[in-house]
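We use all heavy atoms of the structure for the numbers below, so side chains are in, but hydrogens, waters and symmetry mates are not.
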Amino acid sequence: RIAEAPEVARFFDRLRLALPGEYETAIGALARRRIGGGDDTPDYYLSEAVKTLRQSRGALAAKADGPALAKVFAQQLAVLNALSQRDPKACVDFLYGGASEAFFRFSADNRGLVSDLATAGLEAIVDGKQKNIARPAPNEADFQMFEAALKKAGLSQPEIDALLDGKTPDPPLPDVKMCAAGRTYLQTLAGLPDQTRMRIYSLAIDLMARS
């Protein structure tokens, strides 16, 4: 099934070469699952493999160099941009790390884009394993700078709290608005001074690996 989707197969080929043990673990776990119906797709397999890799090795990506980290977030923004045009609810699910049925349908129609994101994460793990760059956690000044930049970009305090602290707005924000806020978050983060940006990138990657 993976071989039927060249874009997805490309990720698995790179995983096999870069981290053969993780490749065997991912393929073995998928082969043992009782998969049927909508789950029997290359897009589902890619999502599951990425989740497994993130949980086992994802923290290494936080130790990658600047370009490798920046690539991950640039690809996240590219996916959010595409989702915002198609399905704001799936955009919000993706923003919070969810893989909904709507996202799998999107993935099937945008395999190159989704595979590029998966590959960027894999390459950051490989780079982090090699470079092992230790960065301090973001400090209060970093977060104040980021929050001020988000306000300048037009985000409200409930939107900022939802993005930075994971607080659920009351009342909840419409999906279109939350999706747009997520895109602004990534665009604004990309424009911060290098050291501040890298500290926040590293923290975000580490938190994703532990979630």
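- If you chain together hydrophobic residues whose side chains sit under 4.5 Å apart, I160 and L77 fall into the same group.
- I133 and I205 sit in two unconnected hydrophobic clusters of ILVMFWY residues. Membership requires side-chain heavy atoms under 4.5 Å apart, directly or through other members.
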Evaluate L83 against V92 for side-chain contact (heavy atoms from CB on, under 4.5 Å), listing each step before the verdict.
CA-CA 9 Å; L83 278 167; V92 174; over 6 Å; no
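- At a threshold of 4.5 Å between non-hydrogen side-chain atoms, the residues E147 and Q144 do not count as touching.
- Across A118 and F11, no two heavy atoms sit closer than the pair O-CE1, 3.5 Å.
- Summarising the geometry of D206 relative to A59, their closest heavy-atom pair is OD1-CB, 3.7 Å, with the distance given to 0.1 Å.
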Is there a side-chain contact (heavy atoms from CB on, under 4.5 Å) between L164 and F146 once you walk through the steps?
CA-CA 9 Å; L164 292 185; F146 190 20; 3.6 Å; yes
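- Heavy-atom minimum distance, I125 versus L53: CD1-CG, 3.7 Å.
- Under the 4.5 Å side-chain criterion, counting only non-hydrogen atoms from C-beta, L30 is not in contact with R32.
- To the nearest 0.5 Å, atom CG of residue L207 and atom CZ of residue R210 are 8.0 Å apart.
- Residues K129 and L19 have side chains in contact (heavy-atom distance under 4.5 Å, counting atoms from C-beta outward).
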Start with the C-alpha gap between F12 and I27, add the side-chain angles, then the distance that decides, and say whether side-chain contact (heavy atoms from CB on, under 4.5 Å) holds.
CA-CA 9 Å; F12 280 94; I27 292 294; 3.9 Å; yes
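- Taking every heavy atom of both residues into account, V126 and A18 meet most closely at CG2-CB, 3.7 Å.
- For R199 against A137, the heavy-atom pair with the smallest separation is CD-O, 3.8 Å.
- Rounded to the nearest 0.5 Å, atoms CG (L69) and OH (Y201) are 8.5 Å apart.
- Contact check for C91 versus R86: no side-chain heavy atoms found under the 4.5 Å cut-off.
- Between L113 and L117, the closest side-chain pair of non-hydrogen atoms is not below 4.5 Å.
- The side-chain heavy atoms of D43 and F103, taken from C-beta on, include no pair separated by under 4.5 Å.
- With rounding to the nearest 0.5 angstrom, the CG atom of D87 is 7.5 Å from the CZ atom of R105.
- Rounding to the nearest 0.5 Å gives a distance of 5.0 Å between CZ of R197 and CG of D194.
- Counting side-chain heavy-atom gaps under 4.5 Å among Ile, Leu, Val, Met, Phe, Trp and Tyr, L17 is found in no cluster with other residues.
- Between the side chain of D142 and the backbone N or O of N139, at least one donor-acceptor pair lies under 3.5 Å.
- Side-chain N or O atoms of D127 include none that pairs as donor or acceptor with a backbone N or O of E123 at under 3.5 Å.
- One N or O on the side chain of R1 and one on the backbone of D40 form a donor-acceptor pair closer than 3.5 Å.
- Rounding to the nearest 0.5 Å places OG1 of T119 at 9.5 Å from NZ of K71.
- Counting heavy atoms from C-beta outward, D116 and R10 have side chains that approach closer than 4.5 Å.
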Verify side-chain contact (heavy atoms from CB on, under 4.5 Å) between V8 and Y45, making sure each step is shown before the conclusion.
CA-CA 9 Å; V8 174; Y45 297 140; 5.7 Å; no
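- Taking all atoms of both residues into account, the shortest heavy-atom contact from S56 to E22 is OG-OE1, 2.9 Å.
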Donor-acceptor contacts, no H, no angles, side chain residues 148-156, under 3.5 Å, sequence neighbours left out:
residue	atom	partner	partner atom	Å
K151	NZ	Q157	OE1	3.4
S156	OG	E159	N	3.4
S156	OG	E159	OE1	3.1

Distance-only donor-acceptor pairs under 3.5 Å for side chains of residues 174-186, two or more places apart:
residue	atom	partner	partner atom	Å
R183	NE	N81	OD1	2.7
R183	NH2	N81	OD1	3.4
T184	OG1	A180	O	3.1

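- A distance of 14.0 Å separates OH of Y23 from OG1 of T52, quoted to the nearest 0.5 Å.
- Contact annotation: the side chain of M198 approaches that of R135 to within less than 4.5 Å [non-hydrogen atoms, C-beta and beyond].
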